[in-house]
Amino acid sequence: MKRLALLSGLIMIAALGGGAASAEPGPFTEQQAADGKTKFNNHCATCHRPSLEGGQGAALIGDAFKQKWSGKPVAELRDYIHATMPPTAPGSLPDDQLDPITAYILSKNDVAPGDAPLSKESASATFPK
């Protein structure tokens, strides 16, 4: 019951848009997203650029990215990143790298941080539309 309440509290119902953070808190903390920026720059920026605008790899911000992931559980994005990244060693990012990187990507897509860190267990929250 406690887990259900936690997961329910993490579900985001506000829409992304206008560059403003969504009104509902996301399934990650501000500190986790900040940590994710460093990890992203170490593992992902070479292909996706530090700005997340894409290069060799796809853009991880913007309308196309939001359309692809909005309304889906954050777990799908998290699982996709884990299964496909980095391209030279898919599935090699451990949770302590994967979760902050995913949190950082969410934060750069205007999802507001919440009170609990993102984890495999809490990733059922929905990426806002």
Side-chain angles (χ1 to χ4, degrees):
M1 187 63 118
K2 186 175 181 180
R3 181 176 167 171
L4 180 60
L6 172 64
L7 292 176
S8 296
L10 294 175
I11 295 176
M12 297 170 287
I13 58 175
L16 283 176
S22 63
E24 295 296 317
F28 63 91
T29 64
E30 187 174 345
Q31 178 58 45
Q32 189 179 36
D35 184 37
K37 179 179 182 178
T38 301
K39 289 174 173 37
F40 180 89
N41 286 333
N42 290 339
H43 296 287
C44 315
T46 301
C47 294
H48 297 281
R49 295 188 181 161
S51 65
L52 285 76
E53 293 176 342
Q56 269 183 301
L60 302 177
I61 57 170
D63 292 339
F65 182 83
K66 290 175 185 177
Q67 286 175 358
K68 180 174 182 170
W69 296 105
S70 69
K72 296 179 180 177
V74 171
E76 286 187 29
L77 173 61
R78 184 188 182 281
D79 292 347
Y80 178 80
I81 294 168
H82 181 67
T84 62
M85 296 294 132
T88 56
S92 65
L93 281 177
D95 289 347
D96 67 340
Q97 303 283 317
L98 177 63
D99 292 326
I101 289 170
T102 305
Y104 177 64
I105 293 168
L106 291 171
S107 74
K108 294 302 283 184
N109 281 282
D110 302 320
V111 178
D115 296 328
L118 179 66
S119 68
K120 188 173 187 174
E121 292 75 28
S122 70
S124 64
T126 303
F127 194 104
K129 292 182 180 181

Asks: So which atom in Pro90 and which in Pro87 form the shortest heavy-atom distance, rounded to 0.1 Å?
Replies: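 Between these two residues, the closest heavy atoms are CD-O, 3.5 Å.
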Asks: Output the distance between atom CD1 (Ile61) and atom CZ (Arg49), rounded to the nearest 0.5 Å.
Replies: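 With rounding to 0.5 Å, CD1 (Ile61) is 10.5 Å from CZ (Arg49).
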Asks: Heavy atoms, side chains only, cut-off 4.5 Å: are Tyr104 and Gln32 in contact?
Replies: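 Heavy-atom side-chain distance check fails, nothing below 4.5 Å.
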Asks: Taking side chain as C-beta onward, heavy atoms only, is Val74 less than 4.5 Å from Thr126?
Replies: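 No, their side chains stay 4.5 Å or more apart.
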Asks: Passes side chain to side chain contact (heavy atoms under 4.5 Å, CB included), Asp95 versus Ser119? Steps please.
Replies: CA-CA 8 Å; Asp95 289 347; Ser119 68; over 6 Å; no
Asks: Are Leu118 and Pro27 side-chain neighbours, meaning at least one heavy-atom pair lies under 4.5 Å?
Replies: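 When only atoms from C-beta onward are counted, Pro27 and Leu118 do touch, with a gap below 4.5 Å.
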Asks: Side chains of Ser107 and Phe28: does their closest heavy-atom pair fall under 4.5 Å?
Replies: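 Yes, side chains in contact.
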Asks: Please test Ile105 against Val111 for side chain to side chain contact (heavy atoms under 4.5 Å, CB included), starting from the C-alpha separation and ending with a verdict.
Replies: CA-CA 9 Å; Ile105 293 168; Val111 178; over 6 Å; no
Asks: If I take atom CG from residue Leu60 and atom NE2 from residue His48, how far apart are they, to the nearest 0.5 angstrom?
Replies: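 Output value for this atom pair is 5.0 Å.
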Asks: As a quick check of understanding, evaluate side chain to side chain contact (heavy atoms under 4.5 Å, CB included) for Thr29 and Asp115, giving each step before the final call.
Replies: CA-CA 6 Å; Thr29 64; Asp115 296 328; 5.9 Å; no
Asks: Pro113 versus Pro25: any side-chain heavy-atom pair under 4.5 Å?
Replies: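 They are not in contact (no side-chain heavy atoms under 4.5 Å apart), so the answer is no.
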Asks: Using side-chain heavy atoms (C-beta onward) and a distance below 4.5 Å, is Asn41 in contact with Pro50?
Replies: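 Result yes, sub-4.5 Å side-chain heavy-atom pair found.
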Asks: Just to verify, what does His82 make a side chain to side chain donor-acceptor pair (under 3.5 Å) with, not counting sequence neighbours?
Replies: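 Expected list: none.
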Asks: Can a cation-pi geometry be assigned to Lys108 and Phe65, taking NZ or CZ under 6.0 Å from the six-membered ring centre and within 45° of the ring axis?
Replies: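 No, Lys108 and Phe65 do not form such a contact.
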Asks: How long is the span from the NZ atom in Lys37 to the SG atom in Cys44, to the nearest 0.5 Å?
Replies: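 Answer for the NZ-SG pair, Lys37 versus Cys44, is 13.5 Å.
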Asks: If every non-hydrogen atom of Pro73 is compared with every non-hydrogen atom of Ser124, which pair is closest and at what distance?
Replies: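 That closest heavy-atom pairing would be CB-O, 4.0 Å.
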Asks: Please find the pair of heavy atoms, one from Ala89 and one from Ser92, that lie closest to each other, and give the distance.
Replies: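 Distance-wise, the nearest heavy atoms are O-OG, 2.7 Å.
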Asks: Give the intermediate values and the outcome of side chain to side chain contact (heavy atoms under 4.5 Å, CB included) for residues Leu77 and Lys72.
Replies: CA-CA 8 Å; Leu77 173 61; Lys72 296 179 180 177; over 6 Å; no
Asks: Minimum heavy-atom separation for Ile101 to Lys39, with atom names?
Replies: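 Reported closest heavy-atom pair: CG1-CB, 3.8 Å.
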Asks: Drop me the distance from Thr102's OG1 to Tyr80's OH, to the nearest 0.5 angstrom.
Replies: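 With rounding to 0.5 Å, OG1 (Thr102) is 12.5 Å from OH (Tyr80).
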Asks: Counting distance only, does the side-chain N/O of Asp35 pair as donor-acceptor with the main-chain N or O of Asp96 below 3.5 Å?
Replies: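 A pair under 3.5 Å: no.
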Asks: Going by an N to O cut-off under 4.0 Å, is there a salt bridge joining Lys66 and Asp110?
Replies: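 Between Asp110 and Lys66 there is a salt bridge, with a charged N closer than 4.0 Å to a carboxylate O.
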Asks: Is a salt bridge present between Asp99 and Arg78, judged by a nitrogen-to-oxygen distance below 4.0 Å?
Replies: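 So Asp99 pairs with Arg78 through a salt bridge.
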Asks: Does atom NZ of Lys120 have more than 12 heavy-atom neighbours, drawn from other residues, nucleotides or ligands, at distances under 6.0 Å?
Replies: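 For Lys120, atom NZ is not crowded (no more than 12 foreign heavy atoms under 6.0 Å).
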Asks: CD/Gln97 to OG1/Thr38 distance, rounded to the nearest 0.5 angstrom?
Replies: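 Going from the CD atom of Gln97 to the OG1 atom of Thr38 covers 10.5 Å.
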